[in-house]
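Shown below is the structure under consideration.
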Amino acid sequence: MKNKFLIIIISILFINCTGQEKKEIKQAKIKITNSTFLGVIKTDSIYTVYNRCDGGYPVLRFHINDNEFYFYAPQEGANYIIKEIKNDDDKYIINTTGYYFLKGENISKQNDTWYLEKKGNLLWTFKNKKWGKSIILADSLNINRKKIAYKIQPCRECSEDCEDELTNNNLVGRWNVNCDDQIGLLIKDDELVMAVEPNQYYIHLRKLRDTTEGKFIKYKLERLEGIGSKEVYSEAYFNDMEVAVIKVLNNNKIEFNWLGLYNEVNNQRQYTESLISNDNPVILNKCEK
């Protein structure tokens with residue numbers, strides 16, 4: 001009787017360990033964790049992210065650890081809840097059960113199937129099962145590596161009422177969703193300071209040279225400050241890769257897009273969740289003080 005009981009216990013432990021092993025193998029096959037893809041078009045044999053002045057460009061951003069992804073197709077974006085994701089040689093099948101537009105909103109239930117497939121070393125195709133054709137994407141890191149071009153459509157092609165050219169004087173000052181809140185941005189000439197937790201956690205960014213295109217400015221990480229930054233700190237984050245982009249909407253409003261810290265050791269973006277608001281990108285107002 002004791003021998004039978006011992007055999008049963010060993011069998012249960014073996015089954016549990018086998019199940020855990022399969023789960024780890026399945027997770028290891030998911031290579032798009034915290035990846036961001038941008039829509040591209042082919043112009044003169046070159047693939048280009050074409051930032052249209054009337055809606056931007058498609059964006060696909062994965063947060064696998066949060067079981068969701070964000071997809072923006074000009075001019076609307078939503079977060080989709082992942083039920084299951086499968087990968088067979090960089091051919092992903094993603095099943096979702098619902099979506100929401102802003103954090104805190106109720107989730108709208110809707111079952112969808114999405115397909116993401118790698119095409120060669122540079123491109124991916126992405127589509128919903130209900131679509132007629134796929135859209136072409138490229139990893140956002142390829143822009144920094146000069147493998148993908150980036151072009152901004154001139155404002156005058158969309159509107160006769162274009163704002164003046166971007167200058168540092170337009171941006172210098174404090175920016176926030178609510179100017180009574182201390183969490184937000186402080187922009188100086190070539191520096192941007194993110195107040196993540198006042199008196200506890202600040203992120204200092206430095207404007208990247210030659211990246212001011214039209215109404216867009218890109219920033220890299222310069223330093224981390226405060227007690228709250230100790231859990232985040234890593235030398236691998238200090239490099240020339242962009243971590244944030246500002247789009248100037250007018251003299252009193254900007255769009256701030258936090259891309260996340262870039263780890264040059266494993267070539268991945270980390271801490272991509274929004275740090276100064278529930279939304280990312282987020283619209284910020286210029287504060288008087």
Side-chain angles (χ1 to χ4, degrees), residues 36-39 49-61 63 69-79 100-105 140 143-144 150-159 161-179 181 183-196 203-208 211-221 241-262 269 271-288:
T36 298
F37 299 90
L38 308 178
V49 175
Y50 191 61
N51 198 333
R52 298 181 60 87
C53 49
D54 61 350
Y57 47 86
V59 176
L60 175 65
R61 183 181 295 122
H63 300 285
F69 68 83
Y70 173 79
F71 177 59
Y72 171 79
Q75 301 172 349
E76 185 175 87
N79 299 276
Y100 66 91
F101 295 106
L102 299 174
K103 287 187 177 181
E105 288 186 346
S140 62
I143 294 179
N144 300 84
Y150 182 85
K151 183 179 179 181
I152 298 175
Q153 183 181 18
C155 174
R156 61 183 178 273
E157 293 185 9
C158 293
S159 172
D161 186 25
C162 289
E163 297 287 335
D164 295 334
E165 288 298 315
L166 174 63
T167 64
N168 280 348
N169 291 334
N170 300 130
L171 287 178
V172 171
R174 199 165 65 86
W175 298 81
N176 212 328
V177 175
N178 178 1
C179 289
D181 194 346
I183 297 176
L185 305 182
L186 175 62
I187 300 179
K188 303 178 183 179
D189 288 338
D190 292 321
E191 185 184 10
L192 183 154
V193 182
M194 298 174 61
V196 181
I203 300 177
H204 293 255
L205 308 181
R206 176 66 57 180
K207 184 169 69 174
L208 285 166
T211 60
T212 302
E213 302 174 354
K215 295 184 180 296
F216 290 82
I217 300 179
K218 301 175 183 179
Y219 292 86
K220 68 177 181 178
L221 179 65
M241 295 292 283
E242 66 194 64
V243 298
V245 179
I246 281 181
K247 177 182 179 181
V248 178
L249 304 178
N250 56 49
N251 288 335
N252 297 306
K253 286 186 183 294
I254 61 173
E255 179 186 85
F256 180 73
N257 188 3
W258 172 250
L259 304 177
L261 301 176
Y262 179 74
R269 294 237 179 234
Y271 299 102
T272 57
E273 65 277 5
S274 179
L275 297 177
I276 61 171
S277 169
N278 290 330
D279 304 322
N280 190 38
V282 58
I283 306 299
L284 302 177
N285 304 303
K286 192 167 188 180
C287 304
E288 293 183 1

Distance in Å, R269 CZ paired with L259 CG, rounded so as to fall on 0.5 Å steps: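 The CG atom of L259 is 5.0 Å from CZ of R269, to the nearest 0.5 Å.
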Partner of S277 by side chain to side chain contact (heavy atoms under 4.5 Å, CB included), out of V282, I183, N176, D181: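 Single pass found, and it is V282.
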Interatomic spacing from CZ in F256 to CD1 in I276 - rounded to 0.5 Å: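 So the CZ of F256 and the CD1 of I276 are separated by 5.0 Å.
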Minimum heavy-atom distance between E273 and W258, given as atom pair plus value: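 Nearest pair, atom of E273 first, then W258: O-CD1, 3.4 Å.
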Pair E76-F101, side chain to side chain contact (heavy atoms under 4.5 Å, CB included): steps then yes or no: CA-CA 9 Å; E76 185 175 87; F101 295 106; 4.0 Å; yes
Nearest heavy atoms of Y50 and Y57, plus distance in Å: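 Heavy-atom minimum between the residues: O-CB, 3.8 Å.
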Separation between NZ of K247 and CD1 of I254, rounded to the nearest 0.5 Å: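 K247 atom NZ to I254 atom CD1 measures 12.5 Å (nearest 0.5 Å).
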Side chain N285, main chain K253, donor-acceptor under 3.5 Å: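 Such a contact is absent between N285 side chain and K253 backbone.
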Residue pair H204 / E191: nearest heavy atoms and the distance that separates them: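 Looking at all heavy atoms of both residues, the closest pair is ND1-OE2, 2.8 Å.
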K151-N51 side chain donor-acceptor pair, cut-off 3.5 Å: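 Looking only at side-chain atoms, N51 and K151 do not form any donor-acceptor pair under 3.5 Å.
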Heavy-atom side-chain proximity of N278 to L102 below 4.5 angstrom: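 Heavy-atom side-chain distance check fails, nothing below 4.5 Å.
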Under 3.5 Å donor-acceptor, S140 side chain and L38 backbone: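 Side chain of S140 to backbone of L38: no pair is present.
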Check: R174 side chain, C179 main-chain N or O, donor-acceptor pair, under 3.5 Å: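 Judged by distance alone, yes, a pair lies under 3.5 Å.
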Exercise: identify the closest heavy-atom pair between L221 and L205: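 Shortest heavy-atom separation between L221 and L205 comes out as CA-CD2, 3.9 Å.
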N79 side chain near F69 side chain, heavy-atom distance below 4.5 Å: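 They are not in contact (no side-chain heavy atoms under 4.5 Å apart), so the answer is no.
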Spacing of CD1 belonging to I203 relative to OH belonging to Y219, to within rounding of 0.5 Å: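 It comes to 14.5 Å.
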Any side-chain heavy-atom pair of V177 and D279 under 4.5 Å: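 They are not in side-chain contact.
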Value rounded to 0.5 Å, distance of CD in E255 from CG in L284: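 If I round to the nearest 0.5 Å, the distance is 9.5 Å.
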Atom pair CG/CG of L171 and L192 - distance to nearest 0.5 Å: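 That separation rounds to 9.0 Å.
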CA sep, side-chain torsions, deciding dist, call: T36, T272, side chain to side chain contact (heavy atoms under 4.5 Å, CB included): CA-CA 10 Å; T36 298; T272 57; 5.9 Å; no
